Amino acid sequence: MTGLTVAVLVPAGSSPVTNRPRRDPQGARALEQALRLNPERLLLIHAGDPRNPGLRQYLGMGVARIDVIATPLGCDPYPLLLERISGEAPDLVVCGSVASDTHGSGLMPYLLAQDLDWPILASARVVRVEARRAIIDQALPGGRLRTFSARLPAVVTVDAGAPAPRQVAFGPALRGSVRSVEALADRLATAPAWTIQPARRRARPLPTADAGASAQERLLAATERVEKAGLVLTGLDPDAAAARIIDDLTQFGLFRTKPEDS
Amino acid sequence: MNDGPRKRIDMAARPPATRVRPRSDQARDPVLGAVNPTEETASPSGRIRRDLRGTVPNGSVGPTGRVRAPGTASASSASAAVADNRPQNRMMRVIDEPAYSVLAVLSGAKGRLSNLDKAALEAARLLADQGGGAVVAIVGEACGREVGDAGADRWVNLQAFEIMPDLASVRLEIVWRTFQARCAVLPDDLDGRDLGARLATRLGTAFGPGVHTLNATVAVRSAQQGDCDLAQTPPGVMTILEGAARPVGPEQHEARPVVVSFPPAAAQTRMEDLGTVFLPADDIPLEEASLVMGGGAGVSDWARFTSAACALNAARAGTRVVCDLGFMPRDRQVGASGRITNARCYLAFGISGALQHMQGIETCERVVAINSDPHAPILKRADLAIIADADQVLAALDRRVGGR
């Protein structure tokens, strides 16, 4: 698209099975959406370790260069990131909705949008740009597809429901350049507010009785299995059986109803 | 009755002249019980009489004035239906001077509180009860009465999820400052996380999406694709998953409506909603479809199966046998080693009902089975079973609904 400058912010990722560095799944989807926009200028920006081999996987998707803000572990690169984006003045900033390598709150795009005073469109599946407006589709549960649009410049986050990113090609991955653009001065890493521990399996929530129920009622609610007797029909000819099924679905409200009624 | 030796009502001691009304009329009001609950009167002989009709909790009073113990009232009696389990029977807890406020932003879609909304209210109640705070529920008008039962002390009429998120976050900030809130909880879905993040950035507080365990001191959520748990003191804005906090206690809460004025031209939205479309059931993830049609080894005409499923707007699924043979793609396999459906109705054509397949349809509300074998195990699970040839029934179904 002529005249479109897109900045893509990508985090580092690692494989959940082997812990090897690789492209982040949502970051890759964000880059995929940006590449599909066919922009005139694509800026790929990462804040982290320039020597991370996983960054080359982003280059292998067909990008010539990635700019890295060298950040020691635990430091916050956000001010430098904001400065960089304001300096480059892209039309669209695309990123994943949560990063998998950090605390994963997904707050950074919102901070960016607030500080730049741009609108933000979150959890996009597909991103389009038409007539200086960014148009996104969101996949909502139950098969609903919602469309939002906002004027450029805007921030867009892409979530895990977006189409799968293209494969990584080894040649371009090697040939692309990783450029370290600024270095965060060595600062004391701030103590994280969250403590990290390995995940424990959550107890399955038991069905509970209404609040204020007696102990017996609560026990029955949690343990009772209602045995229902189904209806068995024999000797129906196929047409009658089909009619019965349709009647049943109609009674249950699932026959040809509009999806928004369900 | 734990007030010492049982006080007996001495019938003989009461002179007939003072009996102005029959005894049964004393407890005429089925809701309030006795007209003078727990009033102690002295009989002419000096014995103390206590009318217990008004004091039996959750009990009901029958038409003759006899108090029925809870659980023994017959369902057909009108007074039982009126008195039992009415919210007014629960104690009302009024908080007039809260130390702080906790906002609960609820979606209230379709005019009722969803499970996630109730989870958010439970979490807000937990955070408020630590220090004598009040829960402020922010939901539309249709749910205004319901939030009191679910634990809200105040109610602000604002449909935060029906207006544009950027406008909603501006209004929520106004509500936050009005109540001087300490934290805000939202339900954990796509819109809840979006609104929560916007609110957190406006307020400058920490944000914790997807909290799955919450108690007074610690909020825990998962990160790094579920590998890690992050634990922290409850942040300013959180989105809550179901089952994170314990259920709200038996007390009724006030849900006092509070009017918050939003300056009309303070914020304009920069987003535009271009509408919502509904995808056909076959194109959405199998776990989200509400009507699923499953085909098993008893189906041989798969073209008919597909066209019938398309006509009914049902998502197609198959058993392991069918996927092994290649009639259905592997990502449509339902069962222990496949996917789990949460459908409202599952139509099982030619499926025998092996245990592993049943594990995939455990949470389905209704199962309709069409099988030619009257002893198939699926008949035990099916709510409606039709003993007929699956292919023929599919053909008939296709004739009836297909092509429209």
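All of these numbers come straight from a predicted model, not from anything done at the bench. In what follows, every chain begins at residue 1, and chains take the letters A, B, ... in the order their sequences are listed.
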*Look at A:Ser105, A:Ala122, A:Ala134 and state which one has the largest set of heavy-atom pairs under 4.5 Å with chain B.*
A:Ser105
*asked:* Could you report the tightest heavy-atom contact between A:Phe252 and B:Cys345, atom names first, then the distance?
replied: CD2-CB, 4.3 Å
*asked:* Checking B:Asp194 against A:Ser123 for the side chain to side chain contact (heavy atoms under 4.5 Å, CB included) test, could you report, in this order, the C-alpha distance in whole Å, the side-chain angles of both residues, the deciding distance, and whether it holds?
replied: CA-CA 8 Å; B:Asp194 184 24; A:Ser123 297; 6.0 Å; no
*Of the backbone (N, CA, C, O) and the side chain (C-beta and beyond), which part of B:Ala314 lies under 4.5 Å from a heavy atom of chain A, both, or neither?*
neither
*Rounded to the nearest 0.5 Å, what separation is found between the CG atom of A:Leu254 and the CG atom of B:Leu312?*
10.0 Å
*Part of A:Ile135 lying under 4.5 Å from any heavy atom of chain B*: side chain
_Sequence neighbours excluded - side chain to side chain donor-acceptor pair (under 3.5 Å) pairs with any residue from residues 232-252 of chain A_ = A:Asp248-B:Arg366
*asked:* Within a 6.0 Å radius of atom CZ on B:Arg246, are there more than 12 heavy atoms belonging to other residues, nucleotides or ligands?
replied: no
*Which heavy-atom pair separates A:Pro141 from B:Glu288 by the least distance, and what is that distance?*
CA-OE1, 3.6 Å
*Looking at side-chain heavy atoms only, is the closest gap between A:Leu145 and B:Thr276 below 4.5 Å?*
no
*Using the ring of A:Tyr110 (Phe, Tyr or Trp, six-membered ring only), decide whether B:Arg198 places NZ or CZ under 6.0 Å from its centre and within 45 degrees of its axis.*
no
_Stepwise side chain to side chain contact (heavy atoms under 4.5 Å, CB included) check, B:Val277 with A:Arg144_ = CA-CA 6 Å; B:Val277 296; A:Arg144 291 184 293 155; over 6 Å; no
_Under the criterion side chain to side chain contact (heavy atoms under 4.5 Å, CB included), I'd like the reasoning laid out for B:Ile387 against A:Leu233: C-alpha separation, chi angles, the key distance, then a yes or no._
CA-CA 6 Å; B:Ile387 310 298; A:Leu233 302 172; over 6 Å; no
_Restricting to non-hydrogen atoms, name the atom on A:Gly104 and the atom on B:Pro209 that form the minimum distance, rounded to 0.1 Å._
O-CG, 4.2 Å
*Region of B:Leu347 in contact with chain A, defined by heavy-atom distances below 4.5 Å*: side chain
*Among B:His212, B:Arg202, B:Glu251, which residue forms the greatest number of heavy-atom pairs with chain A at distances under 4.5 Å?*
B:His212
*With chain A, which of B:Ala223, B:Ala388, B:Gly275, B:Gly210 has the greatest number of heavy-atom pairs at distances under 4.5 Å?*
B:Gly275
*B:Val401 versus A:Phe255: any side-chain heavy-atom pair under 4.5 Å?*
yes
*Top of B:Ile386, B:Val393, B:Asp283, B:Val220 for chain A proximity - count of heavy-atom pairs under 4.5 angstrom*: B:Ile386
*Inspect the contact between A:Arg151 and B:Glu272 and indicate whether a charged nitrogen and a carboxylate oxygen are less than 4.0 angstrom apart.*
no
*Below 4.5 Å, heavy atoms only, C-beta onward: do B:Leu190 and A:Asp159 meet side chain to side chain?*
yes
*Working to the nearest 0.5 Å, report the span between CG of B:Leu274 and CG of A:Asp137.*
9.0 Å
_Beyond-backbone contact of A:Pro119 with B:Asp166, side-chain heavy atoms, under 4.5 angstrom_ = no
*Go through the steps to decide whether B:Asp229 and A:Ile196 satisfy the test side chain to side chain contact (heavy atoms under 4.5 Å, CB included), and finish with yes or no.*
CA-CA 6 Å; B:Asp229 276 347; A:Ile196 300 184; over 6 Å; no
*Between A:Asp117 and B:Arg270, is there a salt bridge with N-O shorter than 4.0 Å?*
yes
*Sort out for me which of B:Ala231, B:Ala369, B:Ala197 touches chain A most, counting heavy-atom pairs under 4.5 Å.*
B:Ala231
*Using non-hydrogen atoms and a 4.5 Å limit, figure out which bit of B:Leu195 sits close to chain A: side chain, backbone, both or neither.*
neither
*asked:* Minimum heavy-atom separation for A:Pro238 and B:Ala396, please, with both atom names.
replied: O-CB, 3.5 Å
*Under 4.5 Å heavy-atom distance to chain B, tell me which part of A:Gln197 shows up: side chain, backbone, both or neither.*
both
*Using a cut-off of under 4.5 Å for heavy-atom pairs, which of B:Arg221, B:Arg399, B:Arg193, B:Met164 has the most such pairs with chain A?*
B:Arg221
*In terms of heavy-atom pairs under 4.5 Å with chain B, which of A:Ala241, A:Ala150, A:Ala139, A:Ala240 leads?*
A:Ala241
*asked:* Any non-hydrogen side-chain atom of A:Ile245 less than 4.5 Å from a side-chain atom of B:Leu384?
replied: no
*So which of A:Ser97, A:Ser100, A:Ser149 has the biggest tally of heavy-atom pairs under 4.5 Å with chain B?*
A:Ser149
*asked:* Do A:Phe148 and B:Asp273 make a side-chain contact, defined as non-hydrogen atoms from C-beta onward lying under 4.5 Å apart?
replied: yes
*Measure distances from A:Leu249 to the heavy atoms of chain B and classify the residue's part below 4.5 Å as side chain, backbone, both or neither.*
side chain
*asked:* Quick check on B:Asp191 against chain A: is it the side chain, the backbone, both or neither that has a heavy atom closer than 4.5 Å?
replied: side chain
